[in-house]
There are 2 protein chains.
Amino acid sequence: MNQRQVVAGDKSSDGGGRPGKNGDGAERHEAIYQSISDAIIEHRLKPGARLREDALAEVFGISRTGIRKILQRLALEQLVTLTPRRGASVTRPTADEAKDVFDARQMVECGLMPEVARRITAEDAQSLREMAVREREALRAGEQSAAIKLSAAFHGRLAWISGNATLAAFVERLCSRSSLILAVYGNAGHLGCESHDHDDLVGYLVSGNGERALAFMSRHLKAIEASLSIHAEEDEAPDLFEIFSG
Amino acid sequence: MNQRQVVAGDKSSDGGGRPGKNGDGAERHEAIYQSISDAIIEHRLKPGARLREDALAEVFGISRTGIRKILQRLALEQLVTLTPRRGASVTRPTADEAKDVFDARQMVECGLMPEVARRITAEDAQSLREMAVREREALRAGEQSAAIKLSAAFHGRLAWISGNATLAAFVERLCSRSSLILAVYGNAGHLGCESHDHDDLVGYLVSGNGERALAFMSRHLKAIEASLSIHAEEDEAPDLFEIFSG
DNA sequence: GCAGCGGAAAGCGTATACAATGAGTGGCAT
DNA sequence: ATGCCACTCATTGTATACGCTTTCCGCTGC
């Protein structure tokens, strides 16, 4: 493999690697952030995977400074964990965190449904249905990675329709973390969201039936959570007394 | 004023400013973060105030690198705004953002009340009452800064009792942003929260009456929001046609 | 043979230096 | 006299250099 750099516009093409020559430094960073974020959400980087600064810096063709900035952002969104002198690794959510995240989704996503039902437009519905279709196709084609990302994107898009940017951004973060939770506690085989559900949900929303949508979302999320196999902390600080006193 | 550095343990005391000598770099950063965050929440730094990296670096006795890290964290919490080549400034919330934040608080804080009522212990109640007392004292003494911070801290602490760390952290951030909103849209004279309210709320909670607490919290938040004078966007991109065509 | 210790290497934390960009000001031309 | 342009200053963005901590591996002693 010859090409070591990943994101378009690598600096080795600007004639000698002059430091700050690129006109679009900010967009570049954003693209790299998306790259890493996507890789985590799609489970191409698994929980616990170490993310060395040097390696990332080399792969993306920027210096460690930029990588550190991105890593910090990911840490604040709790997609990566930053341990003081050990560097960054993909977060491995605990069982407690998983419960908190799904409780939070239950509260916020369900609470948003009435407003979404009130505000949803025909274009919104169309866009959502297309996402549901693509998700189903990905699932049928065995592309779990794509399906997971599309599912999170569906929930995120839904939240944005409410018009409340603060809550929508929060839901997006919760969905990202949910992807991580699925990676740790999900059973291979069946994915969290049944894409059939997503289609039905859009149906309730366009008919303006907020209460019905709320109840459906609630069941939908409960179903996802129930599909997890949460075997509490099987290797994190194993309880030796428990194990050997039996 | 001779002493230019603020946080304890300034590096000029270690004999010449050797770079990484300090043993507790992380705690130092945390302290600086708290310093700036508090200054913003207490309105000692007003919305729109510019935060130059050099100045902060000199004040706190660390280099710009560390300041940038802290500024980024504050930016992700939306307490400061980072404009690409212009540096950092204290965020000036728009009217829309204010509405979003209070809607979000309405949903999350109210939604948390039943669980809080179920879990609250005697010590929790005691601690909350003490905070309410201190807040009232600060208010009576005319120390608006302290009162504002205590009020935000009260709401944050309340949320943590629910046991859901994710939602509690979210509420804390919403409260921080609320402080900012009060700074812009609040009327001088009467502060957002009537401290009397906080005492009453604790009463409902310890009696296990979650529904009552929920309703009270809802009214409480509505009262705060109603006390704002949201004159939508009076200088941000003024509509010249509107103004001069009359 | 195993455990404890010492050295070397790898990787993170911080500071500093340099380059680029944006804003403000002064001069020049019309 | 006024409007436009160029220059300079101030400030951020990025990279790199250096020190410190941690970890891993080999060695020695028991």
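Here the structure is a predicted model, which means the values were calculated and not measured. Each chain gets a letter, A, B and so on, in the order its sequence line appears, and its residues count up from 1.
Listed nucleotides: D:dT11, C:dT14, C:dA15. Nearest to the side chain of B:R50: D:dT11. Nearest to the side chain of B:S63, among D:dT12, C:dG13, C:dA15, sits C:dA15. With D:dT14, C:dT14, C:dG11 as the candidates, the nucleotide lying closest to the side chain of A:K69 is D:dT14. Between D:dT16, C:dC12, D:dT12, one nucleotide has an atom nearer to the side chain of A:R85 than all others, and that is C:dC12.
Between the CD1 atom of B:I62 and the P atom of C:dA15 there is a distance of 6 Å, rounded to whole Å. If you take CG of B:D54 and C1' of C:dT16, they are 12 Å apart, rounded to a whole angstrom. Between the CZ atom of A:R64 and the C1' atom of C:dG11 there is a distance of 7 Å, rounded to whole Å. Rounded to an integer number of Å, the gap from A:F60 CZ to D:dT14 C1' is 18 Å. Computed from coordinates, the B:E53 CD to D:dT14 P distance equals 11 Å when rounded to whole Å. Rounded to whole Å, atom P of C:dA15 lies 14 Å from atom CG of B:L56. For A:L82 and C:dT14, the CG to P distance is 11 Å, given to the nearest whole Å. Going from atom CD of B:E27 over to atom P of C:dG13 covers 15 Å, rounded to whole Å.
Counting non-hydrogen atoms under 4.0 angstrom, B:R86 reaches the backbone sugars and phosphates but no base. Residue A:R52 is classed as a sugar-phosphate contact, given heavy-atom separations below 4.0 Å to backbone atoms only.
Between the A:D103 side chain and the A:D100 main chain, no donor and acceptor come within less than 3.5 Å of each other. Remark: the backbone N or O of A:A147 is not paired with any side-chain donor or acceptor of A:S151 at under 3.5 angstrom.
Comparing A:A88 and A:T65 by the nucleotide of DNA chain C whose heavy atom lies nearest to each, the residue mapping closer to the 5' end is A:A88.
Between B:R177 and B:T91, the side chains place no donor N or O within less than 3.5 Å of an acceptor N or O (distance only, hydrogens not considered). A donor and an acceptor atom, one from each side chain of B:R119 and B:S162, are nowhere located under 3.5 Å apart.
The side chain of A:H29 contributes no N or O atom lying less than 4.0 Å from OP1 or OP2 of D:dG13. Note on B:R68: a side-chain N or O is less than 4.0 Å away from OP1 or OP2 of D:dG13.
Ion pairing between B:E53 and B:R64 holds under the 4.0 Å rule for side-chain N and carboxylate O.
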